[in-house]
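Here's the structure we're looking at; comments come further down.
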Amino acid sequence: MKYDFNQIEKKWQKYWADNQTFKAENNSEKPKYYVLDMFPYPSGAGLHVGHPLGYIASDIYARYKRHQGFNVLHPQGYDSFGLPAEQYAIQTGQHPAITTEENIKTYRRQLDQIGFSFDWSREVRTSDPSYYKWTQWIFIQLFNSWYNKNADKAEDISELIKLFETEGNSKVNAACDDDVELFSAEDWNGFSTKKQQELLLQYRLTYLAETEVNWCPALGTVLANDEIVNSVSERGGHPVIRKKMTQWSMRISAYAERLLQGLETIDWTDSLKESQRNWIGKSVGASVFFPILSFPNGEAKADSKKQPGYMTGGNNSHLLLERAKEMRVNPTQAEAALWEQLRNKKLNAKFRQQHLIGDYIVDFVCLDKKLIVEVDGKIHENQLEEDAKRTEILENDYYKVIRFSNEEVLGNIEEVLRAIQEELSKRQSVKNEEVPPQGVRGIEVFTTRPDTIFGVSFMTLAPEHELVPQITTPAQKEQVEAYIEATAKRSERDRMADVKTITGAFTGAYVEHPFTKQPIPVWIGDYVLAGYGTGAVMSVPCGDQRDYDFAKHFNIPIPNIFEGVDISEEAFADKDKTIIANSDFLNGLNYKEATKKVIAELEKIGQGKGKTNYRLRDAVFSRQRYWGEPFPVYYVDGMPQMIDAKHLPIKLPEVEKYLPTETGEPPLGNATVWAWDTKKNEVVSNELIDHKTAFPLELNTMPGWAGSSWYFNRYMDANNDEAFASQEALNYWRDVDLYIGGSEHATGHLLYSRFWQKFLFDKGLVPVDEYAKKLINQGMILGTSAFAYRLENLTLVDVNRNQESNKIDPKNIEQLKQKTLKDLERFKNSIVKTVKADETVFIPSFNGEIMKMSPVEVSIALQRKVADFLQIDDKSKVLNGEYFVNVHFTPIHVDVSFINASDELDIEAFRNWREEYKDAIFIGEKGEIINGDNDIYKVGREVEKMSKSKYNVVNPDQICEDYGADSLRLYEMFLGPLEQYKPWNTAGITGVHGFLKKLWKLYVGENGLLVNDDEPSKDSLKTLHKTIKKVQEDIENFSFNTSVSTFMIAVNELTAQKCTSKEILESLLILISPYAPHIAEELWNQLGHNESISTAPFPKFDESHLVESSKNYPISFNGKMRFTLELPLDMSKEEIEKTVLANEKTQEQLQGRTPKKVIVVPGKIVNIVG
RNA sequence: GCUGAAGUGGUGGAAUUGGUAGACACGUUGGACUUAAAAUCCAAUGAACAUUUAGUUCGUGCGGGUUCAAGUCCCGCCUUCAGUACCA
């Protein structure tokens, strides 16, 4: 009987499906084990051989765990929302759901034929309403939560509202927007519902806010930071610009510290954890405040002691704040009337009322535009004077103050608003939304090295820093403006590409050192980024290389504050070796001590405090796309409202077109039935929108990572309608024991999903706050592209006419090698002509070496052949070396299916491939024009990513057809370590395929089963048990490639031993079954079992079979092995030495010399030192 | 620049705590079987020298070091891949 893998594999795949062999039970006596793969996006191209690599590894592990007696959950599903289906819909009008369904069918067929032990009863699809119902549900939970930093967890928003109602927000310690205004309980209770909603949005874990986003015009959507690679879109490589848009965001920054700490508790690869750490980007240091000494108008230096509002130490700001709040609650009639008009951004500007500016409370202020509006009551003489003074001081601080009388406001409010509007339009917006600490004239910096504060010799601001225009002196104005303009012109790419060039400009301003009180010049430079920290750096040139370079370049002093360190050449940045000097009270301290001390001192004088900064930003959660989860959100008066969870799912509406609308709205703007009726609680036609009972629904959809951020929990109870998973299921399965997937998700999916899990944990919805105990990254399988080399043209060069190089002897390759292509430039004068072939001609690859050869070598190797072929007129000159031929060619990707195992091209198939190659001419390795079998054409090879456009994609369907799924599984594992990137080469599969045939032959002969109940031989037992040991170790170390070798060795040995013992061969089948399940099932069945092999207990390793009585000792001389000697293992050290020395081969080696020393390691080696 | 991983025959890769480098395969070469091909089987296969046998020398990116013994440990470099990037 032959090994008919096609028939066997089909048979068992059907058996597994019919019997639901791999269905996991939620209630089982067995211990649980959860093996998870990253679910695929079902693309139209189907699977190539690279895709299943991780699935095969996890399947082996899952099957192994079943043999070990575990109740294994090994599910699979589809991340089925995404861009390609939508792009296809835009092109063809085909609904993405249909495309997706078709693609899933292909995927399922392809996955099934590889024989995975997935529990398909738990399949999930993120685009299925029964699934995204719960994605929407989780979104609502996020909306209804805020992050309480005191409790260090997410809590229900109602708790926050309670706090607001009873004590306002001044004591609330929450993760929130940077610019929340302070309010009291009375304020809160007096606010309109809308105002309250606005304020709450600043605290919710998912919130709607105008944020600067990465907008990709080509894709028509925003992108998250992790979707951008090298400042172009990850998908398609389109340019990305920064743009302000109102978008949903996820407050992942609230979890920055816990996401960082959690990494300590999970067994993920170091590189992946490191990526996440970098992405979170924690830096511990201090925030330091430097008062500004000089303003362009020559105003006297600011007294830092009198700065109110900054920090909490020793000033009266809190009294003023209290007063401001009081006044807010009790406005005058005119103030109330004007506030009513200003509050809702009716003038497109955000105003605050009774706001503290410097030492003054102003009536209304637009911080953005630095515009103050005052409404005056009864005017007394002395107040008039005071107001004028106040105006002067405020205007010195670049505020514009406009005043109206009560009568004006109450009499003609329209006119007042018009005047304010006019003033607003005149004023330039402060670029950065962040406003400086109220009324303080100074610069706040973030530093990780506060210990070096005495080494500060200048200050550098980002050119975009909001204070730059205000502090620049008239003398420096021109220079500074020119510099800002120059940096603005430079694109981000240029800036990135050119890190070395040092540029900057002096503003003319000075700040005051907090301790020495010395003036410090303020510079701007584009090495300081506006987006990180405060956009300002205290520059310590002796301790930071960039500051050092900047200082050197602009001749700024570089004071040395390190003990015993030479800084004449470069900065000294080694924290651990730092001893501070020349630093007043910090002298003699190390980095840690000095940091601690300086922070304490800064706090004492109210000019700084310890601070931790994170690079992690909140994640934008809106996409201007059709094929994604719709938000369960409608808008009343511009404010988002959640649809009650019991009405979920909110299904995607039908649209005519999948493109943005003409007005630039997202595709859902095309939907005609996309409004929410709050009475009927259903989606209704847009025509019914009346803003009373029917309201518009959200037009954005959720990003790709929404559905993948929690799917691992859904598998635990995939068909539950009542909850995303029942508590019983969640408590039984708890977390993923082994997660296998690609490392490309390090800062996307793998970070977002940890965030959601922590949130769900905080809310008591899941039992663990890290969902995957262990994670392994599988490497990528690369394609081996094949190339044919198309001749473009030949340039004939008359060597005699080149004066410099005389005549080149074609035989002297060494001389010619020295002629680079650049040298050929010098032949310009000598070029006789350039010849282009009429036909398409392919030149030989020289056994694939052509790309490694220098142009000169190629030319020499080819000139005769090609000249001959082209029949150029001056052929004789070419042939006798007077003319040199320079060959120009282009490598062309050839479909790898035309290549045989020896890299030879099937020329006929290639010619039929494309019209343009129909009559292509091939010059073979021997230099002959190929015509029949006279010569062969070998392709060149190069390893590249598998991709359709490179024609190097290998389809697993063909492999399964030709060699079988078991061969495919074994071969993918055999290729190399799981984590490694490695090239695919189909030819190699014959090795594992041959192994399976051999395995088969061990059990089945010409006339049927060979297995009998014979006592196993000692050798066979030894083979079996060493295999058990090795395979078990290998699987547990995820070293699947070496266990395949072990199987080969075992089968080779057992074949040689002619083993037919059932005891041995039965155990061997269980060992192999996780790797090659079909053949294992079949042979298991033939051995007389009626049950599937999948839960047969894993064979037990018995050491006793491996015990040896003797060892073949390597005998080495001075460390070099010369021969081996079989000696009993129980021989003593002394006896071994004696026996070895007595041996004639030893004497031969020694040639009469006496050994100086003899090293004997019993059981290992003997080394004789002579 | 920083962080992480890696560098071993023609190729993919083995080598557990320092102890016979190149397991297991692919490929190549030769042979058997066959009308032939495929399949299968056998043998050889790191390089160089020697070849009648035996053997000798070199060899794990490079240069040093520790050790009886180094692919493995230490010091200093080089190269490749991946991530990240003027992060204060």
Side-chain angles (χ1 to χ4, degrees), chain A residues 2 229-230 269-279 281-283 285 445-449 452 460 462 495-496 498-500 502 525-529 531-540 543-547 549-550 613-615 743-744 746-747 777 779-780 784 847-848 901-903 941 943 970-971 974-977 979-992 994-995 997-998 1001 1030 1033 1037 1039 1041-1049 1052 1112-1124 1148 1155-1161 1163-1170:
Chain A
K2 248 188 78 183
V229 179
N230 296 332
T269 59
D270 287 338
S271 69
L272 202 141
K273 287 197 205 178
E274 201 55 34
S275 292
Q276 293 210 345
R277 281 192 200 106
N278 288 339
W279 196 259
K282 178 180 182 174
S283 35
V445 301
F446 173 73
T447 176
T448 54
R449 294 297 302 276
T452 63
T460 319
R495 259 169 95 158
M496 268 164 68
D498 176 26
V499 182
K500 293 273 139 60
I502 295 159
D526 68 358
Y527 79 96
V528 178
L529 304 176
Y532 183 78
T534 59
V537 175
M538 62 172 227
S539 303
V540 183
D544 182 286
Q545 195 57 43
R546 289 157 309 169
D547 295 345
D549 295 341
F550 195 89
N613 238 13
Y614 297 93
R615 201 167 66 100
S743 57
E744 66 272 23
T747 51
N777 294 127
M780 197 185 290
T784 315
N847 282 311
S902 318
D903 286 354
R941 291 290 203 176
V943 172
L970 280 173
Y971 188 51
F974 188 60
L975 276 179
E979 300 91 336
Q980 203 163 297
Y981 279 55
K982 52 220 167 226
W984 176 270
N985 177 14
T986 303
I989 202 170
T990 52
V992 291
F995 157 73
K997 284 186 190 166
K998 253 191 210 171
K1001 277 199 211 156
K1030 177 87 172 118
E1033 280 169 6
N1037 294 322
S1039 175
N1041 53 326
T1042 48
S1043 36
V1044 179
S1045 306
T1046 307
F1047 292 138
M1048 290 173 170
I1049 295 167
N1052 287 346
N1112 199 18
Y1113 277 94
I1115 313 297
S1116 44
F1117 293 80
N1118 295 320
K1120 282 170 196 155
M1121 206 280 287
R1122 284 293 119 106
F1123 59 92
T1124 59
E1148 201 177 300
K1156 282 186 194 142
K1157 203 171 171 187
V1158 180
I1159 312 278
V1160 178
V1161 186
K1164 287 240 159 119
I1165 199 167
V1166 176
N1167 190 16
I1168 297 161
V1169 187

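All values derive from a computational prediction rather than experimental measurement.
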Would you check, one step at a time, whether the test side chain to side chain contact (heavy atoms under 4.5 Å, CB included) holds for A:Val1158 with A:Ile1168? CA-CA 5 Å; A:Val1158 180; A:Ile1168 297 161; 4.2 Å; yes
Taking the [atom1] atom in each of [N] and [M], what is the distance between them to the nearest angstrom?
N: B:U66; M: B:C74; atom1: P; answer: 15 Å
N: B:G19; M: B:A47; atom1: P; answer: 26 Å
N: B:G46; M: B:A25; atom1: P; answer: 15 Å
N: B:U3; M: B:A85; atom1: C1'; answer: 11 Å
N: B:C81; M: B:G71; atom1: P; answer: 27 Å
N: B:U72; M: B:C62; atom1: P; answer: 11 Å
N: B:A50; M: B:U57; atom1: C1'; answer: 11 Å
N: B:C24; M: B:U45; atom1: C1'; answer: 15 Å

[X] [atom1] to [N] [atom2]: how many Å, rounded?
X: A:Gln980; N: B:A14; atom1: CD; atom2: C1'; answer: 12 Å
X: A:Phe995; N: B:C41; atom1: CZ; atom2: P; answer: 14 Å
X: A:Asp547; N: B:A88; atom1: CG; atom2: P; answer: 11 Å
X: A:Asp544; N: B:C2; atom1: CG; atom2: P; answer: 14 Å
X: A:Asn777; N: B:A6; atom1: CG; atom2: P; answer: 14 Å
X: A:Gln545; N: B:C87; atom1: CD; atom2: C1'; answer: 16 Å
X: A:Asp270; N: B:A82; atom1: CG; atom2: C1'; answer: 15 Å
X: A:Tyr527; N: B:A85; atom1: OH; atom2: P; answer: 20 Å

To the side chain of [X], which of [options] is closest?
X: A:Arg1122; options: B:U40, B:U57, B:C87; answer: B:U57
X: A:Arg615; options: B:U16, B:U84, B:G13; answer: B:U84
X: A:Lys1001; options: B:G12, B:U40, B:A85; answer: B:U40
X: A:Asn985; options: B:C26, B:G12, B:U16; answer: B:C26
X: A:Ser275; options: B:A14, B:C68, B:G83; answer: B:G83

With no hydrogens and no angle check, do the side chains of A:Lys1157 and A:Asn1167 hold a donor and an acceptor under 3.5 Å apart?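 No donor-acceptor contact under 3.5 Å links the two side chains.
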Any strand is fair game: report the nucleotide pairing with [N] by Watson-Crick or G-U wobble, both distances under 3.5 Å, or none.
N: B:G27; answer: B:U45
N: B:G83; answer: B:C2
N: B:C33; answer: none
N: B:G7; answer: B:C78
N: B:C73; answer: B:G65
N: B:G22; answer: none
N: B:A38; answer: none
N: B:A50; answer: none

Do NZ/NE/NH1/NH2 and the carboxylate oxygens of A:Lys1030 and A:Glu1033 come within less than 4.0 Å?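 Not counted as a salt bridge, because no side-chain N and carboxylate O are separated by less than 4.0 Å.
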So for atom CG, which belongs to A:Asn1037, do other residues, nucleotides or ligands contribute more than 12 heavy atoms lying within a distance under 6.0 Å?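 Yes, enclosed.
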Please round to the nearest 0.5 Å and tell me the distance separating atom CZ of A:Arg277 and atom NZ of A:Lys282.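 The CZ atom of A:Arg277 sits 11.5 Å away from the NZ atom of A:Lys282.
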From CE (A:Met1048) to CG (A:Leu970), nearest 0.5 Å: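 So the CE of A:Met1048 and the CG of A:Leu970 are separated by 7.0 Å.
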Mapping A:Ser743 and A:Glu1033 onto RNA chain B by nearest heavy atom, which one lands closer to the 5' end?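 Comparing both residues, the 5'-ward one is A:Glu1033.
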Give me the atom names and distance for the closest heavy-atom approach of A:Asp547 to A:Met538.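 Minimum heavy-atom contact is OD2-O, 4.0 Å.
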Closest non-hydrogen atom pair between A:Val943 and A:Pro983, with its separation: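 A:Val943 and A:Pro983 have their closest heavy atoms at CG2-CB, 3.7 Å.
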Is [X] close enough to [N] that one of its side-chain N or O atoms is under 4.0 Å from OP1 or OP2 there?
X: A:Lys982; N: B:G13; result: no
X: A:Tyr532; N: B:A88; result: yes
X: A:Arg277; N: B:G83; result: no

Parallel, tilted or perpendicular: rings of A:Phe1117 and A:Phe1123 (30°, 60°):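 It falls in the tilted class, 30° to 60°.
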Between A:Phe446 and A:Tyr532, how do the two ring planes meet: parallel, tilted or perpendicular, split at 30° and 60°?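 Because their plane-to-plane angle is over 60°, the rings of A:Phe446 and A:Tyr532 count as perpendicular.
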Is the base of B:G55 syn or anti, where syn means the angle lies within 90° of 0?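 Nucleotide B:G55 adopts anti.
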The contact string for nucleotides 19-24 of chain B, one letter per nucleotide 5' to 3', using protein heavy atoms under 4.0 Å with B, S and - for base, sugar-phosphate only and none, comes out as BB--BB
